Amino acid sequence: MHIIDYMELALQQAHKAAQLGEVPVGAVLVSGDGDVIASAHNLVESQRDATAHAECLVLREAMRLLNQKFLEGCDLWVTLEPCAMCAGAISNARIRRLYYGAEDKKGGAVEYGSHVFSHATCHHKPEIYGGIKASKASKLLEEFFAERR
């Protein structure tokens, strides 16, 4: 599988979220060998759980499947720049690399907002690669919110 296909998988998850009326964000966790371990999309509305963001769900599922509390050597692909909660979870899980699509100037916490990984109290910072298929991810979000206005 070509490396960029992981973002396509995350975008497929985001589409699933939109079909459920969830904010269309998808995430995929990949092993160091390139195997997809878990994938998820937002379920905040469906589960009535403010922490059911795609990133947190995929991390929880991967930890459950691997029966471990850290995901060292794993890479996370997500369609939207993570918020502060998700960035904290990514740090705590010791993710090796974070790849994200659209930037989030309003709620993001990686390149915008609180810059979670830049804090002295952040004990683990992944390598960060933003803007991957950003136009596709942004378009999906824009269309989703335009329908609700």
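Everything numeric here is computed off the predicted structure, so don't read it as measured data. Residues take their numbers from the sequence shown, with the count starting at 1. Below, all heavy atoms of this structure are taken into account, side chains as well, without hydrogens, waters or symmetry copies.
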CG on Asp5 to CD on Gln12, rounded to 0.5 Å: 9.5 Å
For the student: nearest non-hydrogen atoms of [X] and [Y], plus distance:
X: Glu81; Y: Ala109; result: OE2-N, 3.5 Å
X: Ile132; Y: Trp77; result: CD1-CZ3, 4.0 Å
X: Arg60; Y: Thr51; result: NH2-OG1, 3.2 Å
X: Ser39; Y: Gln13; result: OG-NE2, 3.4 Å
X: Asn42; Y: Ala54; result: OD1-N, 2.8 Å
X: Val78; Y: Met7; result: O-CE, 3.4 Å

Residues forming a side-chain hydrogen bond (donor to acceptor under 3.5 Å, both in side chains) with Arg96, sequence neighbours excluded: Asp75
My understanding is that only residues two or more places apart in sequence, or in another chain, count here; which of them pass side-chain hydrogen bond (donor to acceptor under 3.5 Å, both in side chains) with Lys136? Glu8
Is the positively charged end of Arg97 above the ring of Tyr99, judged by distance under 6.0 angstrom from the centroid and angle within 45° of the axis? no
Who clusters with Leu43? Use side-chain heavy atoms, under 4.5 angstrom, across I, L, V, M, F, W and Y, and order the result by chain and number. Leu20, Leu57
Hey, are the side chains of Val44 and Asp49 touching, using non-hydrogen atoms and a 4.5 Å cut-off? no
Could you see if [X] belongs to whatever hydrophobic cluster contains [Y]? Use Ile, Leu, Val, Met, Phe, Trp, Tyr and a side-chain cutoff under 4.5 Å.
X: Leu71; Y: Leu9; value: no
X: Ile128; Y: Leu59; value: yes
X: Leu80; Y: Val28; value: no
X: Phe145; Y: Val25; value: yes

Run the numbers on Val30 and Ile37 for side-chain contact (heavy atoms from CB on, under 4.5 Å), then give the verdict. CA-CA 6 Å; Val30 180; Ile37 298 169; over 6 Å; no
Of all residues at least two apart in sequence or in a different chain, which pass the side-chain contact (heavy atoms from CB on, under 4.5 Å) check with [X]?
X: Lys139; value: Glu143
X: Ala137; value: Leu11, Thr79, Ala102
X: Asn67; value: none

Pairs of donor and acceptor atoms involving the side chains of residues 84-94, under 3.5 Å and at least two apart or interchain, shall be tabulated with distances.
{"residue": "Ser91", "atom": "OG", "partner": "His124", "partner atom": "O", "Å": "2.8"}
{"residue": "Asn92", "atom": "ND2", "partner": "Gly88", "partner atom": "O", "Å": "3.3"}

Using ring pair (Phe, Tyr, Trp, His ring centres under 6.0 Å) as the criterion, list what pairs up with Phe70, not counting sequence neighbours. none
Decide yes or no on side-chain contact (heavy atoms from CB on, under 4.5 Å) for Val110 and Val116, but give the supporting numbers first. CA-CA 6 Å; Val110 176; Val116 168; over 6 Å; no
Only pairs at least two apart or in different chains count here, so list each side chain to side chain donor-acceptor pair (under 3.5 Å) that has a residue in residues 103-117. Glu103-Tyr112
So which pairs with a foot in residues 14-25 pass side chain to side chain donor-acceptor pair (under 3.5 Å), sequence neighbours left out? Glu22-Ser46
Residues in salt bridge (charged side-chain N to carboxylate O under 4.0 Å, His left out) contact with Glu147, at least two apart in sequence or another chain: none
Sorted by chain and residue number, the salt bridge (charged side-chain N to carboxylate O under 4.0 Å, His left out) partners of Arg48 (sequence neighbours excluded) come out as Glu45
Yes or no on side-chain contact (heavy atoms from CB on, under 4.5 Å) for Leu76 and Val58, after CA distance, side-chain angles and deciding distance? CA-CA 9 Å; Leu76 179 63; Val58 81; 3.5 Å; yes
